[in-house]
Structures are given as C-alpha cells and as structure tokens.
Colleague: 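Sharing a structure, written as structure tokens. Questions coming.
In each ligand, atom 1 is the first atom listed, and ligand 1 is the first ligand listed. The figures here come from the full heavy-atom set of this structure, side chains too, leaving out hydrogens, waters and symmetry mates.
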Amino acid sequence: MLTKHKARKRFGQNFLTDEKIIERIVATIAPKSDDSLLEIGPGQGAMTLPLLECVNKLNVIEIDRDLISILESFKKDNLIINQGDALKFDLNTLPTPIRVVGNLPYNISSPILFHLLENRAKVKDMTFMLQKEVVERISAPSGSKIYGRLSVMMQAFFEVEMIFVVPPESFEPAPKVDSAIVYLKPLMNSKVKNVKVFEKIVKAAFSQRRKTLRNCLKSLLTQEQTDVDLSLRAETLDVDEFVTLTNDYERQN
Ligand code: SAM
C-alpha cells in the first residue's frame, strides 16, 4: 500500500481536493479523445484521473519522484509519465498542436509561462490554475496599477481570459491566497516579430516603474527616434505601443 504523501513546499505542492472544482476545471478544458494533452505537475492525480477518462493519451510531467510511484500505481495504459522539470521539458516530443493544462506550482508559474511563450507555435491552448493575483496581472489593462511586464508579454502573444476563482479551502494544504483558472490561446496574428527584442524593450521600460520611458529607455531610444511619447510611464502604454517602440528600436540597430 502507498503511504500518504507529505506535501513539499519547495515544489509548490497544494493538492486539489474539491471534487466540484475539479469537475469545473475538466469541463473548462473540455478534452476531446484525440487531443494531444500535456498536464504539468499532476501531483497525486486530482485532475489526471478525470482527464484520463476523456483522452486516448495523456502526457504528464512531474518533478517529484515520490509522486511518480503514485501515478504509476494507477496502471493506466493511456497515461505517459515523464519525470523531470517542466521548465526543461521538450515539447517537440509530443504531437502538435498541444493543449497544456495544470494546477501550476505557484513558485515557478512565471518561468513556466515564459517557457511556453517560447514554444507557443506548438501550443493550441493552455488552461491553468494560478494565484488569482497572477491571473489579474496577466489580464490587467494598460493604465492599471498591476499592469506590468507579465501583462504585456502575455497579452502580446495570447488571448487571455480569467475563467473562475478558486478559494484556498479547495486545496490540501490550503494556500494563503485565492487561486484562479485562466485560459490562454496563442494569437494567430501577434504583431511582434522578434520576441527577444520585444522582451528587452518591455523589461527596460518597466525597470523603474515610477520613472518615465525616457529614463528607462535612455540607452536604447531617443524621442527623435520614435513617435511614442517618452515622457509617459510604461504602465500607460498598450501592447501595440510597445510593438511600435520595438520596431523603432530595431530600425536604429
Ligand atoms: N495537479 C495536482 C493537483 O491539482 O492536486 C498538483 C498541483 S501542485 C500545485 C503542483 C505540482 O507541480 C506538484 O505535484 C509538484 O510536485 C509539481 N512541480 C513542481 N515543480 C515542478 C517542475 N519544475 N516541473 C514539473 N512539476 C513540478
């Protein structure tokens, strides 16, 4: 018999126990039998088991070796267990387009989102549980206090929709904060041509929130080189204006 798993903080382990919430998440994903589905951080299988009922094949990537034996004990032929770090997982090993799902470890949710951003060409869509505050930041409109680098980077490449909020009591152990389900779908017509350069401009623009763009972009662009008003702060610019800044920067280099 398997002994009860003790949740590990360093792996961001908060296991879903609320059946109603699990049902709602699976209904949101609405998996089809032939979907190429990847679950990040399956844990003890709270979402994995109901997902396995829907699809011909489910790939999971889990870092904690102790949880692998729990997943193996399900003895499900359509479950493909990968042990390792989701940040290093090679999406080329899966049939495309991939639908990525998961109740993400909150301590590394942003690096996972950036890893998937780099691989967005292989992704059909993503349905994730994240800290509610992170979902709010991802979907924040320009001009709001929480609009920042993560909002611009994600909105430049994905359609973003917050689906529903999940309270701490739905997990064991309960996290200290609310969580939320977010749906992300790669944009077919993102205006960004060079992700690396775009990222460089966005990062520099938000490097000192209280300073103007003129200050933050000092070593990259002057007012003569762009029509975007550099006396503004980064948080007032929408995604298209960041694209303009990037194009103007690239023209000089
Ligand atoms: N899906 C399960 C559930 O909802 O009950 C577990 C969710 S728990 C918030 C996050 C899971 O991600 C844990 O199982 C944890 O071990 C795993 N994890 C943490 N860091 C990881 C990484 N770098 N790569 C893959 N899995 C990771």
Colleague: Have a look at Gly12, Pro105, Ala7 and point out the one with the heavy atom closest to atom 9 (C) of ligand 1.
Modeller: Gly12

Colleague: Quick one: look up the protein heavy atom nearest atom 23 (N) of ligand 1 and list residue, atom name and how far away it is.
Modeller: Asp85 OD1, 2.8 Å

Colleague: For atom 6 (C) of ligand 1, what is the closest protein heavy atom, and at what distance to 0.1 Å?
Modeller: Gly41 O, 3.4 Å

Colleague: For atom 27 (C) of ligand 1, what's the nearest protein heavy atom and its distance?
Modeller: Ile63 CG2, 3.5 Å

Colleague: Does Arg8 pair with Asp66 as a salt bridge, N-O distance under 4.0 Å?
Modeller: yes

Colleague: Tell me, please: is Gly102 in heavy-atom contact with ligand 1, that is, under 4.0 Å?
Modeller: no

Colleague: So, regarding Ala86 and ligand 1 (criterion: nitrogen or oxygen to nitrogen or oxygen, under 3.5 Å), is there a contact or not?
Modeller: yes

Colleague: Quick one: does Arg8 get a heavy atom under 4.0 Å from ligand 1?
Modeller: no

Colleague: Report, in ascending order of atom number, the atoms of ligand 1 lying under 4.0 Å from any heavy atom of Gly84.
Modeller: 24 (N), 25 (C)

Colleague: Of all the heavy-atom pairs spanning Asn78 and Leu52, show the shortest one and how long it is.
Modeller: ND2-O, 3.0 Å

Colleague: Do me a favour and list the nearest non-hydrogen protein atom to atom 5 (O) of ligand 1 with residue, atom name and distance?
Modeller: Leu16 N, 2.8 Å

Colleague: Can you find a side-chain donor-acceptor pair between Thr226 and Tyr249 that sits under 3.5 Å?
Modeller: no

Colleague: Is Ile61 close enough to touch ligand 1? Criterion: a residue heavy atom under 4.0 Å from a ligand atom.
Modeller: yes

Colleague: Students should be able to answer this: which protein heavy-atom is nearest to atom 4 (O) of ligand 1, and at what distance?
Modeller: Asn103 ND2, 2.8 Å

Colleague: Does Asn14 have a non-hydrogen atom less than 4.0 Å from ligand 1?
Modeller: yes

Colleague: Identify, by atom number and element, the atoms of ligand 1 in contact range of Leu67, meaning under 4.0 Å from any of its heavy atoms.
Modeller: 14 (O), 16 (O)

Colleague: Which one of His5, Arg10, Glu62 has a non-hydrogen atom at the shortest distance from atom 17 (C) of ligand 1?
Modeller: Glu62

